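In this text, all values refer to a predicted model and were calculated from it rather than measured experimentally. Here is the naming used below: chain letters follow the sequence lines, and residue numbers restart at 1 for every chain.
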2 protein chains.
Amino acid sequence: MGGLAKGLLVIRAFTRDHSALTLSEVAAIAGMPAATARRCLLTLEELGYVTRRGRAFLLRPKVLELGAAYLESMDIEHLTQTHLEELARLTGDSAALSVLDGNDIVYVARTSVRTLVRLEAHVGSRFPAHVTSMGRVLLAGLAPERLEHYFRTQKFEAFTDHTVTDPKKVRQLIEECRRSGYSAVEDELAYGVVAVAVPVHDQSGRVVAALNSSSHSRRISKARLVRDRLAMLKQASRAISAELARVPGLALSAQA
Amino acid sequence: MGGLAKGLLVIRAFTRDHSALTLSEVAAIAGMPAATARRCLLTLEELGYVTRRGRAFLLRPKVLELGAAYLESMDIEHLTQTHLEELARLTGDSAALSVLDGNDIVYVARTSVRTLVRLEAHVGSRFPAHVTSMGRVLLAGLAPERLEHYFRTQKFEAFTDHTVTDPKKVRQLIEECRRSGYSAVEDELAYGVVAVAVPVHDQSGRVVAALNSSSHSRRISKARLVRDRLAMLKQASRAISAELARVPGLALSAQA
DNA sequence: GTCGCTCGTTCGCATATCGAAATAGACTGC
DNA sequence: GCAGTCTATTTCGATATGCGAACGAGCGAC
């Protein structure tokens, strides 16, 4: 069903730098002929997902229902929100839950409090696994073949001068993470971002998600972050794991 | 493009009560023949939006990217999050921003803190406008013809014994709201939910969103909610309105 | 006013999709 | 093992879609 595939590409053509797009811009960004993009846009407009202002098209809030379908089907609100809010309150920083999708992490829940500088991320945001605390925790929980596939397919791109891009070093970090049960990362995704993450297991012990607390390195050191917050993260992780028995969707949806 | 329409229906077939669905369940819920549902599911599986466990299909986190496209294209993070977090911190309750979509409100941002009892809502959640504080504020901002269309097409369903379902009374409430500049609602969407909302205007003075503070009626009375929080809501509303000059997507996307 | 350029719209043939119906697979009860 | 039931899969003619190419609309320069 090429039309479905292309329609979804059209939705994803809208980004922060492209909030309003003309037909030919959509076609260029989504990589398809103008006539096809037009058909997609007209269908999406008719269905209420897109609106038109002159020659520009913009997404409409109905699109949020698509993402909400995942959140609801995984019962994310019940699964995590209270725990994330507790973490955010106790730490004064952001707390988040993410899962692995391909070679990236995807934020599925996040709670933050007012801080002047923080990583800009929300539900649905993706980052490469190798540069994030949660990504490393998730990679550490992969089966060996899957992890090998990751190393074969991932391009280890640097985001800062501190990003670890040597595959051998990344492997070591993952192994350390597997042994220690957590991962702490500083300045690798973005300057000033420091975070510590722990795995969330399902009933069979598989790592299905990662939980983290993220701050600014001018506010707290990586060592301090680990010392002060690891225990509460582990406790929250255990609580979420217990919830997974009642709400198995997230574990089932997670990659093998 | 019927395939695109049907594919989107398939995504929205997954809900909290239906986290894992068989082919025939999807077909029944989405209201289409099994062969068509199958084609959609197989395409979505191939694109990474859906996964399969035995005979069951589940959504995968990539679906979140669709909702994230809206959040990013509207720059919701910048537009609102700091203000919502400030409100949540100052009040100890949830703060949210929503827009009107058809006859419903759709949550586009929400910040909450840990409370034991609260309305279960997240980005993408929809509720009928007539029973919510934000909905009334948004309806009060509609052009007359659009408001008449609303009254012609809306079924005024009761959610509690307190829900106002008489169209004449709803009109009065909207008119009051237009005059007073806010709306306070208690026990109409759900027992115990009390909320006060104000409009968010764009540069031309049009109401493009609504901002609210929501609590539990055992915690704070409606009158107290208004007295204590209206001023800070209005201030936050003005701040968000000012941001709309820089980030016009939300205003452009809002309904006429 | 004319011309040239860019973008949006339309056309229509080749190809893909839709979906009713037939077939296959899985499971249970006797 | 067989029959019955339910669900998933496949088939294939009717219909819809994809998209290159042609056409139309709008705009600015001369």
Side-chain angles (χ1 to χ4, degrees), chain A residues 1-15 17-60 62-63 66 69 73 248-249 252-253 256, chain B residues 1-60 62-63 66 69 73 248-249 252-253 255-256:
Chain A
M1 296 176 79
L4 173 55
K6 291 187 172 85
L8 295 170
L9 282 178
V10 165
I11 290 177
R12 290 166 64 217
F14 293 88
T15 62
D17 298 320
H18 301 104
S19 62
L21 293 168
T22 63
L23 169 62
S24 46
E25 284 169 335
V26 170
I29 292 169
M32 69 183 75
T36 307
R38 173 177 155 73
R39 225 186 260 273
C40 292
L41 284 165
L42 292 189
T43 296
L44 290 170
E45 183 182 11
E46 190 176 303
L47 297 174
Y49 292 98
V50 160
T51 191
R52 200 194 285 215
R53 291 286 175 263
R55 292 170 58 177
F57 293 89
L58 300 99
L59 292 181
R60 291 188 58 183
K62 189 173 179 179
V63 171
L66 300 174
S73 68
L252 281 174
S253 174
Chain B
M1 297 176 80
L4 173 54
K6 291 186 173 84
L8 295 171
L9 282 176
V10 165
I11 291 176
R12 290 166 63 218
F14 294 87
T15 62
R16 177 149 152 219
D17 298 320
H18 301 106
S19 63
L21 294 168
T22 63
L23 169 61
S24 49
E25 285 168 335
V26 169
I29 292 170
M32 66 183 74
T36 306
R38 173 177 156 76
R39 227 186 265 273
C40 290
L41 285 166
L42 292 189
T43 297
L44 291 170
E45 184 182 9
E46 191 177 303
L47 298 173
Y49 292 97
V50 159
T51 191
R52 199 194 285 217
R53 294 282 176 263
R55 291 169 61 175
F57 293 88
L58 299 100
L59 293 181
R60 290 189 58 184
K62 189 171 179 182
V63 170
L66 300 173
S73 67
L252 281 173
S253 175
Q255 289 194 22

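Following rounding to the nearest Å, A:M1 (CE) and C:dG19 (C1') show an atom-to-atom distance of 12 Å. Rounded to an integer number of Å, the gap from CD of B:E46 to P of C:dT17 is 10 Å. What separates CZ of B:R39 from P of D:dT11 is a distance of 12 Å, to the nearest Å. Between the CG atom of A:L41 and the P atom of D:dG18 there is a distance of 13 Å, given to the nearest Å. Atom pair A:I29:CD1 and C:dC7:C1' shows a separation of 15 Å (rounding to whole Å applied). Summarising the geometry, the separation between CG on A:L42 and P on D:dG18 is reported as 12 Å, rounded to the nearest angstrom. In this structure, the CZ atom of B:F57 is 15 Å from the P atom of D:dT7, given to the nearest Å. Atom-to-atom, CG of A:L4 to C1' of C:dA16 comes out at 14 Å; the value is rounded to the nearest Å.
The side chain of B:R38 places an N or O atom within less than 4.0 Å of a non-bridging phosphate oxygen (OP1 or OP2) of D:dT10. The side chain of B:S24 contributes an N or O atom lying less than 4.0 Å from OP1 or OP2 of D:dA8. At the phosphate of D:dG18, neither OP1 nor OP2 sits under 4.0 Å from any side-chain N or O atom of A:T36. Phosphate contact (OP1/OP2 of C:dC18, side-chain N/O of B:K6, threshold under 4.0 Å): absent.
Across A:A34 and A:A27, no two heavy atoms sit closer than the pair CA-CB, 3.8 Å. In this structure, A:C40 and A:V10 approach most closely via the heavy-atom pair CB-CG2, 3.8 Å.
The 12-atom threshold is exceeded at CD of A:E45, counting heavy atoms of other residues, nucleotides or ligands nearer than 6.0 Å.
Among the heavy atoms of the strands, none lies under 4.0 Å from A:M32.
Ranked by how close their nearest DNA chain D nucleotide is to the 5' end, B:A34 and B:G2 are led by B:A34. Taking the nucleotide of DNA chain C with the nearest heavy atom to each of A:R52 and A:G3, the more 5' of the two is matched to A:R52.
At a cut-off of 3.5 Å, with distance as the only test, no side-chain donor of A:E46 or A:T43 sits close to an acceptor on the other residue.
Residue A:T22 has its side chain nearest to C:dG8 when only C:dG8, C:dT9, C:dC18 are considered. Of the candidates C:dT10, C:dG19, D:dA8, C:dT10 carries the atom nearest the A:A35 side chain, counting heavy atoms from C-beta on.
If you take NZ on B:K6 and CD1 on B:I11, they are separated by 15.0 Å, rounding to the nearest 0.5 Å.
Counting distance only, with no hydrogens placed and no angle test, the side-chain atoms of A:R55 and the base atoms of C:dG8 include no donor-acceptor pair under 3.5 Å.
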